[in-house]
Amino acid sequence: MNALLSVSDKTGIVEFAQALHTLGIKLLSTGGTAKLLADKGLPVTEVAEVTQFPEMLDGRVKTLHPKVHGGLLARRELPEHMAALKQHGIDTIDLLVVNLYPFEATVAKAGCTLADAIENIDIGGPAMVRSAAKNWKDVGVITSADQYEAVLAELKANGKLSDKLRFALSVAAFNRIAQYDGAISDYLSSVTFEEEKLSETYVPTRTQFPGQSNGIFTKVQDLRYGENSHQQAALYRDLHPAPGSLVTGVQLQGKELSYNNIADADAAWECVKSFDAAACVIVKHANPCGVAVGLDALSAYSKAFQTDPTSAFGGIIAFNRVVDGPAAQQVSKQFVEVLMAPDFTAEALEIFKAKANVRLLKIALPTHGGKTDWERGRNAMDAKRIGSGLLLQTADNHELSLIDLKVVTQKQPTLEEMEDLLFAWKVAKYVKSNAIVFCKGGMTMGVGAGQMSRLDSARIASIKAGHANLSLQGTVVASDAFFPFRDGLDVVVDAGATCVIQPGGSMRDNEVIDAANERGVAMVFSGVRHFRH
């Protein structure tokens with residue numbers, strides 16, 4: 001048996017090659033891999049010796065040769081194929097170990113030049129991988145170091161690879177090639193070509209939206225069904241998921257997550273991790289129905305639950321702090337579908353053992369201080385599927401601070417109101433449009449979501465507060481988009497609001513500002529809106 005090893009990432013390759021040699025497998029290799037193996041005392045034959053043709057063009061040409069591809073592509077069960085190999089002195093290659101030039105890692109670096117990007121486009125590697133993967137019945141193709149263990153286990157046990165493993169390796173290989181080519185296409189079609197600037201040190205300008213979108217997602221699991229029982233569904237994740245994102249979580253207990261569980265869980269998790277203070281978010285049907293900050297998980301939950309106890313039944317709950325025994329004891333009194341947190345204490349886990357159907361997800365929060373959206377656990381892009389098309393946009397990652405607020409009324413908000421305004425604004429960002437959110441003391445007091453009229457959202461928020469026996473006197477209100485008329489403002493002020501935050505930008509801004517002055521309330525403009533459809 002012959003194995004050809006040619007890897008860019010040399011993690012574990014020496015140990016793997018040593019194991020192959022011990023099993024009596026002949027080692028072929030190229031360039032730096034061959035040198036590394038030889039330096040470790042392994043008997044390795046350079047591909048150039050086999051092809052009788054030297055590596056050339058700075059290594060760009062070394063494996064593009066019939067003695068390589070013939071050895072990979074020949075079908076062992078066809079006499080004419082084997083006769084052709086014999087006639088031309090070509091040996092079969094039974095194992096191919098290749099990982100590709102690090103194109104993705106190269107273009108991800110700040111200041112990557114076009115020359116570096118182009119030089120890291122692998123040619124011979126993908127060609128060999130495709131040949132071996134096509135001929136999977138006879139050739140095992142290994143494209144990742146995490147496959148070494150399974151391959152060695154079968155070789156040691158049976159002296160060969162099973163059809164099942166070879167086919168799985170082939171599928172993984174074609175997936176890797178698709179990922180690689182997609183990354184190249186995404187990069188090159190995002191480059192703004194500027195001929196007058198071309199040089200070895202030229203760092204190209206890149207558009208956020210490439211000429212072709214090749215988003216790569218890998219399947220995590222099949223789901224029982226989709227949004228409704230007659231629909232089928234599966235969960236996929238980014239090839240390189242952002243730290244602290246939902247798909248990086250580990251399920252500790254409970255039933256399998258459903259399509260709706262996952263969608264609602266994502267809404268809750270994205271909202272809760274936007275807060276620095278201890279926070280709790282309760283989501284029902286993709287909308288926050290209770291959000292609060294507190295001294296710890298228990299106090300945050302107690303406040304969040306007060307907003308809308310009825311909607312919280314069967315909801316999705318997210319914490320940005322460890323759930324301890326007291327918090328678990330309180331949460332366990334309610335019917336909960338999914339509970340998420342950075343961690344759970346042993347006492348909390350013991351409490352939830354009695355609630356075996358509750359799905360517990362442990363998700364590490366992203367590290368503070370990350371510079372990119374990815375490092376901060378955020379999507380850089382959002383997508384929406386439409387008929388035979390796709391809408392792409394940069395994700396709504398805008399953050400508001402006190403210095404961004406513009407007071408437009410005679411009355412000035414107090415410092416406490418300002419803090420509540422920022423809190424309300426964060427919540428409104430995660431409520432479906434049209435969104436109206438009443439808040440006070442770091443908790444939601446009433447939430448109106450998803451109505452065709454902003455006026456109706458304001459009324460619904462007031463009604464929900466009444467159902468929860470919460471007084472809206474002295475509350476602040478966030479509106480995700482501007483008030484087109486004064487009537488929406490009048491509704492929230494009539495309910496008890498004393499301060500309002502809205503984007504501004506309406507033709508009737510002056511009319512609404514005048515109304516706020518007339519009613520004696522403070523109003524600030526954020527300058528941005530947060531539509532969420």
Residues which pass side-chain hydrogen bond (donor to acceptor under 3.5 Å, both in side chains) with E337, listed by chain and number, not counting sequence neighbours: R359

Donor-acceptor contact below 3.5 Å, side chain Q251 vs main chain L360: no

Minimal non-hydrogen separation, V151 against L161, with atom names: O-CD2, 3.7 Å

Sidechain-backbone polar pair: K284 side chain, F313 backbone, donor-acceptor under 3.5 Å: yes

Donor-acceptor pair between T11 and D9 side chains, under 3.5 angstrom: yes

H467 and D308: side chain donor to acceptor below 3.5 Å: no

Pairwise side-chain contact, V447 with F438, heavy-atom cut-off 4.5 Å (strictly under): no

Backbone N/O of A341 and side chain of N320: donor-acceptor pair under 3.5 Å: no

Side chain to side chain contact (heavy atoms under 4.5 Å, CB included) evaluation trace for F275 with C271: CA-CA 8 Å; F275 293 98; C271 184; 4.1 Å; yes

Separation between CD1 of I436 and CG of D480, rounded to the nearest 0.5 Å: 7.0 Å

Approximate separation, where rounding is to 0.5 Å, of S453 OG and F485 CZ: 10.0 Å

F531, CZ atom: more than 12 neighbouring heavy atoms under 6.0 Å: yes

Donor on one side chain, acceptor on other, T143 and N99, under 3.5 Å: no

N120 side, atom CG; K109 side, atom NZ - distance, nearest 0.5 Å: 8.0 Å

Main-chain N/O of C112 paired to D116 side chain as donor or acceptor, under 3.5 Å: no

Donor-acceptor pair, side chain of R385 and main chain of A383, under 3.5 angstrom: no

Min side-chain heavy-atom separation V500-L489 under 4.5 Å: yes

K10, NZ: over 12 other non-hydrogen atoms inside 6.0 angstrom: yes

Flag if over 12 foreign heavy atoms under 6.0 Å of NE2, H81: yes

Flag side-chain contact, heavy atom, 4.5 Å: L95 against V139: no

Parallel, tilted or perpendicular: ring planes of F319 versus Y301, cut at 30 and 60 degrees: tilted

Side chain to side chain contact (heavy atoms under 4.5 Å, CB included) between L402 and L422, intermediate numbers included: CA-CA 8 Å; L402 281 174; L422 289 177; 3.7 Å; yes

Steps toward side chain to side chain contact (heavy atoms under 4.5 Å, CB included) verdict (M128, V141): CA-CA 9 Å; M128 287 192 293; V141 54; over 6 Å; no

Residues R378 and D396 bridged, charged N to O under 4.0 Å: no

Residue pair V338 / I317, side-chain heavy-atom distance below 4.5 Å: no

Q212 side chain to S185 backbone, donor-acceptor under 3.5 Å: no

N214-D186 side chain donor-acceptor pair, cut-off 3.5 Å: yes

Rounded distance [0.5 Å steps], NZ in K355 versus CG in L339: 12.0 Å

Within 6.0 angstrom of E256 CD, more than 12 heavy atoms from elsewhere: yes

Student check: side-chain heavy atoms of Y430 and H530 closer than 4.5 Å: no

Test item: S462 side-chain N/O and A458 main-chain N/O as donor-acceptor pair under 3.5 Å: yes

Exceeds 12 heavy-atom contacts within 6.0 angstrom, atom OH of Y259: no

Minimal non-hydrogen separation, P241 against V247, with atom names: CB-CG2, 3.7 Å

Considering all heavy atoms, the nearest T113-P204 contact: C-CD, 4.3 Å

NZ/NE/NH1/NH2 to OD/OE distance under 4.0 Å, R206 and E194: no

R130 CZ: over 12 foreign heavy atoms closer than 6.0 Å: no

Shortest non-hydrogen contact from S131 toward L73: O-CD2, 3.5 Å

Exam field: side chain R454 to backbone A435, donor-acceptor pair closer than 3.5 Å: yes

From CE (M445) to CG (D420), nearest 0.5 Å: 9.5 Å

Residue R529 excluded, over 12 heavy atoms near CZ under 6.0 Å: no

Test item: Q451 side-chain N/O and A449 main-chain N/O as donor-acceptor pair under 3.5 Å: yes

Pair S6, T30: side-chain N/O donor-acceptor within cut-off below 3.5 Å: yes

Residue from V358, V323, V336 passing side-chain contact (heavy atoms from CB on, under 4.5 Å) with V331: V336

Distance in Å, L188 CG paired with I121 CD1, rounded so as to fall on 0.5 Å steps: 5.0 Å

Side chain to side chain, Y225 and H230, heavy atoms closer than 4.5 Å: no

Beyond-backbone contact of Y236 with T218, side-chain heavy atoms, under 4.5 angstrom: no

Output field: ring centroids F482/F525 closer than 6.0 Å: no

Distance-only side-chain donor-acceptor flag, T444 / T307, under 3.5 Å: yes

For K137 against R166, the heavy-atom pair lying closest together: O-NH1, 2.6 Å

Geometric class of the F103/Y187 ring pair [parallel <30°, tilted 30-60°, perpendicular >60°]: perpendicular

Geometric class of the F167/W136 ring pair [parallel <30°, tilted 30-60°, perpendicular >60°]: perpendicular

Any donor-acceptor pair under 3.5 Å from K273 side chain to L365 backbone: no

Atom of S162, atom of E154 and distance for their closest heavy-atom approach: N-OE1, 2.7 Å

Listed partners of K164 passing side-chain hydrogen bond (donor to acceptor under 3.5 Å, both in side chains), at least two apart: none

Enclosure of Q232 CD (heavy-atom neighbours >12, cutoff 6.0 Å): no

Any side-chain heavy-atom pair of L361 and V250 under 4.5 Å: no

Full working for side chain to side chain contact (heavy atoms under 4.5 Å, CB included) between W425 and S526: CA-CA 9 Å; W425 188 249; S526 64; 3.3 Å; yes

